[in-house]
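In what follows, a structure is listed as structure tokens, so that the remarks can point back to it.
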2 protein chains.
Amino acid sequence: MSKTATKIPACSECDNKDNIFCTLTPEQTEMISENKGSNFYKKGQAVFYEGNQSHGLFCIHKGKVKLSKLGENGKEQVIRFAKTGNILGYRSLFSNEPYQATATVLEDSYICHLSKEKYTDIMKENSKLSWKTMQLLSKDLKSAEQHLINIAQKTVKERIAEALQLLHTTFGFLEDGKTLSIMLTRSEIADIAGTTTETTIRTLAILCKENAIELEGKRIIIPNISVLTKISGLYD
Amino acid sequence: MSKTATKIPACSECDNKDNIFCTLTPEQTEMISENKGSNFYKKGQAVFYEGNQSHGLFCIHKGKVKLSKLGENGKEQVIRFAKTGNILGYRSLFSNEPYQATATVLEDSYICHLSKEKYTDIMKENSKLSWKTMQLLSKDLKSAEQHLINIAQKTVKERIAEALQLLHTTFGFLEDGKTLSIMLTRSEIADIAGTTTETTIRTLAILCKENAIELEGKRIIIPNISVLTKISGLYD
DNA sequence: GTCAAAATATGATTAATGTCATGATTTTAA
DNA sequence: TTAAAATCATGACATTAATCATATTTTGAC
């Protein structure tokens with residue numbers, strides 16, 4: 001876990017405005033700002049590991065992160081993604097359990113850290129933060145359940161199409177408005193859809209042949225997202 | 001949704017003691033007691049439906065409930081179970097979204113109902129209830145993610161073995177200490193494990209042949225739970 | 001720039017599971 | 001009590017996707 005000098009500003013200067021901390025008073029913002037730690041993470045580095053003791057929560061100042069768990073056979077399953085402004089590791093706030101997933105940085109990122117205690121202190125005096133936290137948990141639960149039903153009932157092709165849509169809704173497109181702004185390996189895409197690397201390669205080729213996507217190495221271009229939506233939703 | 005005269009006591013007299021309401025003051029308990037509604041549900045009846053407007057949350061006074069969602073192909077997926085003392089529908093508290101799942105009663109049950117407003121009013125003045133609610137959400141999220149990885153990575157046999165264990169940990173055994181106290185159809189078990197009815201029938205027969213379980217119609221006997229644990233956890 | 005390692009690609013084969021069909025058994029309701 | 005409906009059971013077959021093998025291409029470190 002490398003630490004280098006970063007240019008992360010005080011929380012009051014941070015422009016991640018629509019996140020969970022937006023309801024804090026200036027004093028509370030100042031308090032977390034004084035107590036936070038900031039780190040730089042290089043692509044591929046882990047922020048925390050599944051099973052490790054939780055020491056607090058993380059806020060992504062700028063970056064992209066995947067959360068994954070290992071199955072009993074050692075295969076990875078991607079649970080969720082997080083991006084600039086999102087927080088990580090907040091689930092361990094409510095129990096003394098270790099982290100339930102491993103957070104891995106998908107591209108060079110700046111991430112702040114706040115201790116459990118500071119966060120819960122603020123929650124105690126700011127019911128809006130509690131409320132926001134519950135909404136966040138509730139939202140994550142909803143998507144986990146949706147992901148479950150997708151993996152349980154859809155074909156690989158539908159799941160891959162859905163995985164690409166998830167990457168789009170989470171990380172968006174590049175400036176050209178059609179190229180996914182995140183580049184993953186085929187194996188990482190497989191770990192989202194719950195399939196193998198080979199099947200993912202073949203399925204992406206099929207989607208390409210059907211003009212649902214275009215492939216330029218790891219770059220994935222989605223000219224028309226509704227084509228993917230159709231593929232992911234229907235049994236043909 | 002039938003309503004009949006029930007013998008549900010006031011909340012202060014209710015002996016579901018280890019649930020989310022155990023931190024309430026006597027006044028708060030009195031307040032929810034006065035505002036609750038109580039209903040009797042016959043086996044098979046729905047408490048609420050996925051997609052319907054949420055009007056509040058439910059507390060199972062006595063009974064067994066399954067929560068399920070419909071996939072896009074119309075196939076049901078069981079998300080979670082709930083039993084005496086558990087609450088249902090609390091997720092819709094944090095957003096104005098409709099219920100995300102259908103709650104169906106697995107055996108005749110008595111279930112109370114409390115409006116969103118009363119619950120959130122109490123949360124505002126009782127931070128312990130907020131805390132408990134967050135713990136509950138967090139626990140549900142954890143098991144949803146575990147369920148996801150199981151369905152994504154395990155074989156049908158392992159998933160069925162795991163489903164039986166879930167039924168055991170949720171609902172327990174009959175007085176004999178080895179017969180599951182819940183009786184589901186093969187099709188309902190299939191909907192937990194994310195497989196088909198036929199495959200479930202065959203797999204249960206295999207587990208039976210391997211002496212992991214005994215079958216007496218819908219009655220499932222698990223003489224030694226650790227045998228199932230072993231089957232559900234390992235790739236052979 | 002070169003080389004090794006990682007990632008991509010593709011084919012052949014196999015295993016797991018879904019689908020369809022049919023009959024037996026159990027449950028439910030009149 | 002009995003008939004209808006639902007559930008359970010089993011076989012045959014089809015299909016999907018995993019596995020194994022082997023090139024080829026890309027990437028990253030020196």
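Quick note: numbers below take in every heavy atom, side chains included, and nothing from hydrogens, waters or symmetry partners. Throughout, a chain's letter reflects where its sequence line sits, starting with A, and its residues are numbered from 1.
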Is the shortest side-chain N/O distance from [X] to OP1 or OP2 of [N] below 4.0 Å?
X: Thr196(A); N: dA18(D); answer: yes
X: Thr195(A); N: dA18(D); answer: yes
X: Lys218(A); N: dT8(C); answer: yes

For the student: nearest non-hydrogen atoms of Leu137(B) and Arg91(B), plus distance: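 So the minimum-distance heavy-atom pair works out to CD2-CD, 4.4 Å.
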
Just how far, in rounded Å, is [atom2] of [N] from [atom1] of [X]?
X: Ile206(A); N: dA9(C); atom1: CD1; atom2: P; result: 13 Å
X: Lys154(B); N: dA18(D); atom1: NZ; atom2: P; result: 17 Å
X: Met183(A); N: dT8(C); atom1: CE; atom2: P; result: 10 Å
X: Ile201(B); N: dT19(C); atom1: CD1; atom2: C1'; result: 14 Å
X: Arg202(B); N: dA9(D); atom1: CZ; atom2: C1'; result: 9 Å
X: Arg186(A); N: dA9(C); atom1: CZ; atom2: C1'; result: 10 Å
X: Glu198(B); N: dT22(C); atom1: CD; atom2: P; result: 14 Å
X: Asp191(B); N: dG18(C); atom1: CG; atom2: P; result: 12 Å

Comparing Lys43(B) and Gly194(B) on DNA chain C - which has the more 5′ nearest nucleotide: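 The residue closer to the strand's 5' end, by nearest nucleotide, is Gly194(B).
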
Electrostatic pair Glu145(B):Lys69(A) at N-O distance under 4.0 angstrom: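 Lys69(A) and Glu145(B): not salt-bridged.
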
Proximity to the side chain of Val156(A) - top-ranked nucleotide from dC8(D), dG18(C), dA17(D):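 The answer is dA17(D), which lies nearest to the side chain.
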
Member of Asn19(A), Leu114(A), Ile111(A) meeting the side chain to side chain contact (heavy atoms under 4.5 Å, CB included) criterion with Cys59(A):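 Of all the options given, the one that passes is Asn19(A).
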
Parallel, tilted or perpendicular: ring planes of His61(A) versus Tyr110(A), cut at 30 and 60 degrees: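 Aromatic pair His61(A)/Tyr110(A) classed perpendicular.
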
Plane angle bin for Phe48(B) and Tyr99(B) - parallel if under 30°, tilted between 30 and 60°, otherwise perpendicular: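 Aromatic pair Tyr99(B)/Phe48(B) classed parallel.
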
5'-most by nearest nucleotide on DNA chain D - Gly217(A) or Thr199(A):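 The residue whose closest nucleotide sits nearer the 5' end is Thr199(A).
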
